Amino acid sequence: MKNLIGIEDFSKEEIDKLIEISKDIMTNKTKYIDKCKGKILATLFFEPSTRTRLSFESAMLSLGGNVIGFSSASNSSTSKGESLADTIKVVSGYSDIIAMRHPKEGAPVVAADNSNVPIINAGDGGHNHPTQTLLDLLTISKEKGHIDDLVVGLCGDLKYGRTVHSLVTALSLYSNIRFVFISPKELKMPEYVKTTILDKKGIPYIETNDLEGSIPELDVLYMTRIQRERFSDIAVYERLKDVYILDKKKLENAKKDLSILHPLPRVNEISVDVDDDQRACYFRQAENGRYMRMAIILKLLGEIDFENKSHDNAIIDNNLRCQNDKCITLEERGLKPLVIKDDNGKIRCKYCEHDISVI
């Protein structure tokens with residue numbers, strides 16, 4: 001059984017195959033209408049979602065399957081004190097595959113450890129959002145015709161933005177990619193992304209707070225929302241929330257074939273006057289989510305052939321507890337703290353991947 005917890009669960013070959021299948025679904029929908037007949041997808045959303053939840057449900061229904069689930073933690077037994085592990089053990093008996101969003105980082109690992117069916121991470125706090133990354137790659141492939149040889153700008157909340165963390169990891173698999181990280185100093189890309197992914201592979205990047213000055217060199221501009229729900233200090237959020245607003249004037253010196261992406265929802269970071277610009281891809285990007293998630297469901301249920309990849313890191317059994325205050329280990333009762341040693345020799349929490357410097 002294979003799960004999708006982080007984008008690292010898929011090799012470049014698997015990602016390219018998912019993109020190929022997604023494009024085939026777009027042009028041959030009737031070919032796939034009964035692929036998941038009799039199968040049930042459970043959508044467990046402990047955190048609000050519109051596009052991700054509905055696109056998963058649309059994907060499964062388009063494959064001939066059925067959907068059960070809930071759209072907020074208040075509608076589940078966790079509001080009565082049930083553990084995530086117990087919820088998953090029960091729901092995996094009712095379904096064939098589970099898509100889960102949870103506010104705590106590392107929660108999908110707990111889910112995978114307690115499930116009898118494949119788990120899809122539909123977002124865990126500010127940590128990972130692999131299905132969003134896969135639809136982003138599909139969008140880039142469709143809009144540009146290729147994924148290699150691109151200058152990619154990521155703008156906004158790069159610290160808490162789970163979409164950008166996963167996207168950088170995935171794009172690092174492709175050739176001749178260069179990154180421009182555009183953010184205020186308080187929301188810079190985390191060090192672990194830069195050191196363990198980019199520096200290790202020698203992938204060039206620059207960090208700047210200048211959006212307008214960066215735009216002319218970009219092939220892809222990935223805008224993100226400053227996320228109020230990730231801030232413990234609301235005063236800091238209020239100061240930063242409108243720091244970047246993309247409008248038509250800022251696009252005057254942009255490339256004619258620039259692709260503007262956004263994981264949505266947007267607030268003020270992209271002006272509505274950009275929507276009718278042919279370079280605005282974000283609504284097409286959202287639509288692509290349905291087709292990519294159809295491909296992911298087909299893969300994890302074994303309805304299409306793939307070569308599986310294994311990348312298990314060594315688990316070190318000890319009593320160290322993760323210090324990340326957003327980690328699932330601080331909430332889930334009875335969860336034994338575990339750390340892993342990754343390919344770079346770093347010691348990390350098994351669940352949220354937070355650095356642990358002392359063994």
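As the structure is a prediction and not an experimental result, all values here were calculated from the model.
Between Phe179 and Leu154, the closest side-chain pair of non-hydrogen atoms falls below 4.5 Å. A heavy-atom distance below 4.5 Å is not found between the side chains of Leu187 and Leu158. Within the 4.5 Å cutoff, the side chain of Ile21 has no heavy atoms near those of the Tyr291 side chain. For the pair Met60 and Lys39, the minimum side-chain heavy-atom distance is below 4.5 Å. You'll find the side chain of Val152 reaches within 4.5 Å of the side chain of Leu171, heavy atoms only. Thr163 has its side chain within reach of Tyr222: a pair of non-hydrogen atoms, C-beta onward, lies under 4.5 Å apart. Side-chain contact between Phe181 and Val168 is present, with at least one heavy-atom pair separated by less than 4.5 Å. Side-chain contact between Leu137 and Ile15 is present, with at least one heavy-atom pair separated by less than 4.5 Å.
Of the possible polar contacts, none joining the Asp24 side chain to the Glu20 backbone as a donor-acceptor pair under 3.5 Å is found. Side chain of Ser83 to main chain of Asp86: a donor-acceptor pair is present (N/O by atom type, distance under 3.5 Å, no hydrogens or angles). A donor-acceptor pair under 3.5 Å is formed between the side chain of Ser11 and the backbone N or O of Glu14. Asp277 places no side-chain N or O within 3.5 Å of a backbone atom of Val274 that could act as its donor or acceptor partner. A distance-only check finds a donor-acceptor pair linking the side chain of Asn3 to the backbone of Ile119 [under 3.5 Å]. With hydrogens and angles disregarded, no donor-acceptor distance shorter than 3.5 Å links the side chain of Ser115 to the backbone of Ala112. Without hydrogens or angle criteria, Asp96 side chain to Ile40 main chain gives a donor-acceptor distance under 3.5 Å. Here the side chain of Asn28 pairs no donor or acceptor atom with the backbone of Lys31 at under 3.5 angstrom.
Salt bridge absent: Asp113 and Lys89 never bring a charged side-chain N and a carboxylate O closer than 4.0 Å. Taking the charged nitrogens against the carboxylate oxygens, Arg178 and Glu217 do have a contact shorter than 4.0 Å, which makes a salt bridge. Using a cutoff of 4.0 Å between basic side-chain nitrogens and carboxylate oxygens, Glu207 and Lys194 are scored as salt-bridged. Here Glu252 does not pair with Lys248 in a salt bridge; the nearest charged N to carboxylate O distance is not below 4.0 Å. A salt bridge does not link Asp257 to Arg279: none of the charged side-chain nitrogens sits closer than 4.0 Å to a carboxylate oxygen. Remark: Glu332 does not engage Lys104 in a salt bridge, criterion side-chain N to carboxylate O under 4.0 Å. Contact check on Lys250 versus Asp247 returns a salt bridge, with a Lys/Arg side-chain nitrogen under 4.0 Å from an Asp/Glu carboxylate oxygen.
Around NZ of Lys201, the count of heavy atoms belonging to other residues, nucleotides or ligands within 6.0 Å exceeds 12.
Between Tyr282 and His262, the angle of the ring planes goes over 60°, which puts this pair in the perpendicular group of the 30/60° scheme.
Judged by distance alone, the side chains of Arg53 and Ser71 never bring a donor and an acceptor atom under 3.5 Å apart. The closest side-chain donor-acceptor pair between Asp157 and Thr224, if any, does not fall under 3.5 angstrom. In this structure, a donor-acceptor pair under 3.5 Å is present between the side chains of Asp273 and Ser271. The closest side-chain donor-acceptor pair between Tyr174 and Asp16 falls under 3.5 angstrom. A donor and an acceptor atom, one from each side chain of Asp149 and Asn176, are located under 3.5 Å apart.
The heavy-atom pair separating Ile296 from Ile120 by the smallest distance is CG2-CD1, 4.1 Å. Residues Lys23 and Lys142 share a closest heavy-atom pair of CE-CG, 3.9 Å. Taking every heavy atom of both residues into account, Ala59 and Arg290 meet most closely at CB-O, 3.6 Å. When all heavy atoms of Ile5 and Pro108 are compared, the closest pair comes out as CD1-O, 3.6 Å. In terms of heavy-atom proximity, Asp219 sits nearest to Lys144 at O-NZ, 3.3 Å. Considering every non-hydrogen atom in both Ala111 and Ile88, the closest pair reads O-CG2, 3.4 Å.
A distance of 6.0 Å or more separates the ring centres of Phe70 and Phe45.
Rounded to the nearest 0.5 Å, atoms OH (Tyr351) and SG (Cys327) are 8.5 Å apart. Once rounded to the nearest 0.5 Å, the distance linking OG1 of Thr139 with CG of Asn288 reads 4.0 Å. The CD atom of Gln285 sits 10.0 Å away from the OG atom of Ser259 when rounded to the nearest 0.5 Å. For the atom pair CD1 (Ile297) and CG (Leu63), the distance works out to 6.0 Å, reported to the nearest 0.5 Å.
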| query | Is there a side-chain contact (heavy atoms from CB on, under 4.5 Å) between His102 and Ile328 once you walk through the steps? | reply | CA-CA 9 Å; His102 200 284; Ile328 187 64; 3.9 Å; yes
| request: With side-chain contact (heavy atoms from CB on, under 4.5 Å) as the test, would you mind laying out the steps for Arg293 and Leu135 before giving the verdict? | output: CA-CA 8 Å; Arg293 289 174 174 123; Leu135 75 90; 3.5 Å; yes
| message | If you apply the rule side-chain contact (heavy atoms from CB on, under 4.5 Å), what do you find for Ile260 with Ile270, and how did you get there? | response | CA-CA 10 Å; Ile260 305 167; Ile270 299 180; 4.3 Å; yes
